[in-house]
Amino acid sequence: QVQLVESGGGLVQAGGSLRLSCAASGRTFSSYAMAWFRQGPGKEREFVAAVSWGGTTTNYADFVEGRFTITRDNAKNTVYLQMYSLKPEDTAVYYCAAALDSDYYLVGVGYDYWGQGTQVTVSS
């Protein structure tokens with residue numbers, strides 16, 4: 001198993017930036033593909049971004065539009081989501097997740113472990 005703890009959320013004005021972090025413990029971090037998801041108020045949870053085990057392959061939801069970057073540091077057991085040009089519609093609880101064995105991890109499918117989430121609020 002792996003335990004995930006997100007941090008870095010907060011309140012930011014539209015156009016601002018935030019960097020979310022997700023610290024992992026437990027089984028070997030580099031064995032997992034990692035992703036970020038989010039759930040806005042009154043909305044379903046949606047895929048945001050994913051990164052491969054070694055960090056060389058990434059994929060993003062269409063709404064990201066080049067504003068977010070997912071990276072990972074396997075030496076620190078941490079995955080990051082750098083967010084720029086934030087919009088009020090980015091307001092959500094952001095979750096990180098880990099997939100041990102999924103052929104579709106890049107599109108947000110097959111994630112087995114989840115963190116508790118961190119709130120991001122973007123004011124207009």
Side-chain angles (χ1 to χ4, degrees):
Q1 275 197 342
V2 63
Q3 292 78 43
L4 305 172
V5 179
E6 302 94 336
S7 61
L11 175 64
V12 63
Q13 289 188 330
S17 61
L18 280 175
R19 188 176 82 155
L20 305 183
S21 299
C22 174
S25 60
R27 288 189 58 180
T28 305
F29 178 67
S30 59
S31 298
Y32 294 87
M34 299 296 297
W36 289 93
F37 293 77
R38 71 183 188 183
Q39 187 166 16
K43 298 181 180 180
E44 298 286 322
R45 187 169 61 194
E46 61 183 350
F47 168 76
V48 176
V51 62
S52 61
W53 298 263
T56 55
T57 304
T58 58
N59 188 45
Y60 298 89
D62 290 343
F63 64 78
V64 170
E65 299 176 323
R67 300 180 297 125
F68 299 174
T69 302
I70 186 171
T71 57
R72 65 189 296 164
D73 185 338
N74 287 344
K76 295 183 178 180
N77 286 5
T78 303
V79 62
Y80 305 97
L81 185 68
Q82 178 68 57
M83 303 186 292
Y84 297 102
S85 302
L86 283 161
K87 306 174 183 179
E89 50 263 46
D90 293 318
T91 294
V93 178
Y94 283 71
Y95 299 90
C96 73
L100 183 59
D101 184 17
S102 170
D103 292 335
Y104 301 102
Y105 71 92
L106 280 174
V107 292
V109 175
Y111 285 82
D112 308 295
Y113 304 100
W114 297 82
Q116 293 300 306
T118 185
Q119 176 71 48
V120 172
T121 303
V122 184
S123 63
S124 56

Report the C-alpha separation of S17 and M83 in whole Å, then their side-chain angles, then the decisive distance to 0.1 Å, and conclude whether the side-chain contact (heavy atoms from CB on, under 4.5 Å) test is met.
CA-CA 5 Å; S17 61; M83 303 186 292; 5.9 Å; no
Between W114 and F37, what is the ring plane arrangement, given parallel below 30°, perpendicular above 60°, and tilted in between?
tilted
Are the charged groups of K87 and E65 less than 4.0 angstrom apart, N to O?
yes
Less than 4.5 Å apart, side chain to side chain, heavy atoms only: is that true for N59 and V107?
yes
Please confirm whether the backbone N or O of T57 pairs with a side-chain atom of S52, one donor and one acceptor, at under 3.5 Å?
yes
Beyond-backbone contact of F29 with K76, side-chain heavy atoms, under 4.5 angstrom:
no
OG/S25 to CD/Q1 distance, rounded to the nearest 0.5 angstrom?
10.0 Å
Option from V120, D90, L20 for which side-chain contact (heavy atoms from CB on, under 4.5 Å) with R38 holds:
D90
Yes or no on ring-ring contact (aromatic ring centres under 6.0 Å, His included) for Y60 and F47, after CA distance, side-chain angles and deciding distance?
CA-CA 8 Å; Y60 298 89; F47 168 76; 8.4 Å; no
Taking the six-membered ring for Trp, is the centroid-to-centroid distance between F68 and W36 below 6.0 Å?
no
Closest heavy-atom contact between Y111 and A33?
CE2-O, 3.8 Å
Transitive ILVMFWY side-chain link Y105 to L4, under 4.5 Å
no
In terms of heavy-atom contacts, does CD of Q119 have more than 12 from other residues, nucleotides or ligands at under 6.0 Å?
yes
Checking the side chain of Q39 only, and the main-chain atoms of E44 only, is there a donor and an acceptor separated by less than 3.5 Å?
no
Side-chain donor or acceptor of D112 paired with backbone N/O of L100 under 3.5 Å:
yes
Exam field: side chain T78 to backbone A23, donor-acceptor pair closer than 3.5 Å
no
Assess whether side-chain contact (heavy atoms from CB on, under 4.5 Å) is satisfied between L81 and T69, documenting all intermediate values.
CA-CA 6 Å; L81 185 68; T69 302; over 6 Å; no
With a 4.5 Å cut-off on side-chain heavy-atom distances among I, L, V, M, F, W and Y, is there a chain of contacts connecting V48 to V93?
no
Are the side chain of R19 and the backbone of G9 linked by a donor-acceptor contact shorter than 3.5 Å?
no
In terms of side-chain heavy atoms, does R67 have a donor or acceptor partner in Y84 at a distance below 3.5 Å?
no
Which distance, rounded to the nearest 0.5 Å, do you find between the CD of Q116 and the SG of C22?
11.0 Å
Return yes if some donor-acceptor pair links the side-chain N/O of S102 with the main-chain N/O of Y104 below 3.5 Å, else return no.
yes
Using the side-chain contact (heavy atoms from CB on, under 4.5 Å) rule, pick out the option among T91, V122, T121 that qualifies with L86.
V122
Out of curiosity, does Y80 fall in the hydrophobic cluster containing V5 (side-chain heavy atoms, cut-off under 4.5 Å, transitive links)?
no
Grouping I, L, V, M, F, W and Y whenever their side-chain heavy atoms are under 4.5 Å apart, do I70 and V2 come out in a common cluster?
yes
Heavy-atom donor-acceptor pair, E6 side chain to G117 backbone, under 3.5 Å:
yes
Between Y113 and Q3, is any pair of side-chain heavy atoms under 4.5 Å apart?
no
For A99 and G110, which heavy atoms make the closest approach, and how far apart are they?
CB-O, 3.4 Å
Is NZ or CZ of R72 both nearer than 6.0 Å to the six-membered ring centre of W53 and within 45° of the ring axis?
no
Hydrophobic cluster identity match, L106 and V64, side-chain contacts under 4.5 Å:
no
